[in-house]
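One structure is given below, encoded as structure tokens.
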Amino acid sequence: GAGVSQSPRYKVAKRGQDVALRCDPISGHVSLFWYQQALGQGPEFLTYFQNEAQLDKSGLPSDRFFAERPEGSVSTLKIQRTQQEDSAVYLCASSLVATYNEQFFGPGTRLTVL
Amino acid sequence: AQSVTQPDIHITVSEGASLELRCNYSYGATPYLFWYVQSPGQGLQLLLKYFSGDTLVQGIKGFEAEFKRSQSSFNLRKPSVHWSDAAEYFCAVIEYGNKLVFGAGTILRVKS
């Protein structure tokens with residue numbers, strides 16, 4: 001079956017623009033995660049959904065970052081008024097059950113803010 | 001909060017040589033530990049995981065890892081490295097049941 005897919009794969013934005021990043025998890029997976037990976041670093045947690053409920057958004061760096069998963073499947077990460085420090089790879093992952101389970105990662109979206 | 005330390009930023013080994021990548025974690029209870037590999041432009045692929053039971057865990061592509069509670073370590077090993085193993089490797093631990101906390105990664109270079 002298909003894995004986690006993300007679109008676009010690459011995004012270039014001018015500072016101040018809004019961007020939307022999409023994640024299609026593996027069908028039937030309950031949990032969905034967003035991570036941010038800056039150049040040369042490990043991924044860092046942003047937010048977590050269980051079905052359509054956003055249970056943890058403690059990793060979102062500012063109120064410019066917003067994520068949603070309205071029907072419990074596809075998720076969108078939105079960044080408003082992008083800044084240069086938002087440049088990173090944004091990784092989406094899904095897992096079959098809610099806790100203590102393997103996460104399957106998508107290829108990521110590389111965001112470059114000029 | 002949990003943390004994961006990967007002391008080696010870069011490691012270079014000769015093709016056919018053995019490999020050990022180090023990982024140390026800080027966590028009070030029994031940790032749920034993972035090793036992921038990331039090739040350039042690719043997402044993270046799970047190599048192996050430790051949840052409980054046998055402390056020596058076998059994974060894909062000939063990798064294994066050993067959980068040592070006394071040393072708070074979960075080192076990744078491979079007896080004979082192939083050129084295709086060149087990639088970045090991340091150790092991670094689950095925090096609060098769901099989110100992953102990653103180390104900074106170790107870049108493996110394989111020389112022929």
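None of the values given here were measured: they were computed from a predicted structure. Per chain, numbering begins at 1; letters A, B, ... match sequence-line order.
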Check the hydrophobic clustering (I, L, V, M, F, W, Y; side-chain heavy atoms under 4.5 Å; chains of links allowed) and say if [X] and [Y] are grouped together.
{"X": "B:Leu108", "Y": "B:Val4", "result": "yes"}
{"X": "A:Leu111", "Y": "A:Phe66", "result": "no"}
{"X": "B:Val110", "Y": "B:Leu21", "result": "yes"}
{"X": "B:Ile11", "Y": "B:Leu76", "result": "yes"}

Short donor-acceptor separations (under 3.5 Å), chain B to chain A:
residue  : atom : partner  : partner atom : Å
B:Tyr36  : OH   : A:Gln103 : O            : 2.9
B:Gln38  : OE1  : A:Gln37  : NE2          : 3.1
B:Gln38  : NE2  : A:Gln37  : OE1          : 3.1
B:Gly41  : O    : A:Arg9   : NH2          : 2.9
B:Gly97  : O    : A:Tyr100 : N            : 2.6
B:Asn98  : O    : A:Gln103 : NE2          : 2.8
B:Lys99  : NZ   : A:Ser58  : OG           : 3.4
B:Leu100 : N    : A:Tyr35  : OH           : 3.0

B:Ile60, CD1: over 12 other non-hydrogen atoms inside 6.0 angstrom: yes
Is the number of heavy atoms from other residues, nucleotides or ligands within 6.0 Å of CG (A:Leu114) greater than 12? yes
By side chain to side chain donor-acceptor pair (under 3.5 Å) - contacts of B:Ser84 (at least two apart): B:His82
Identify which part of B:Leu100 has an atom lying under 4.5 Å from any heavy atom of chain A, answering side chain, backbone, both or neither. both
At a 4.5 Å cut-off on heavy atoms, which part of B:Leu44 comes close to chain A: side chain, backbone, both, or neither? both
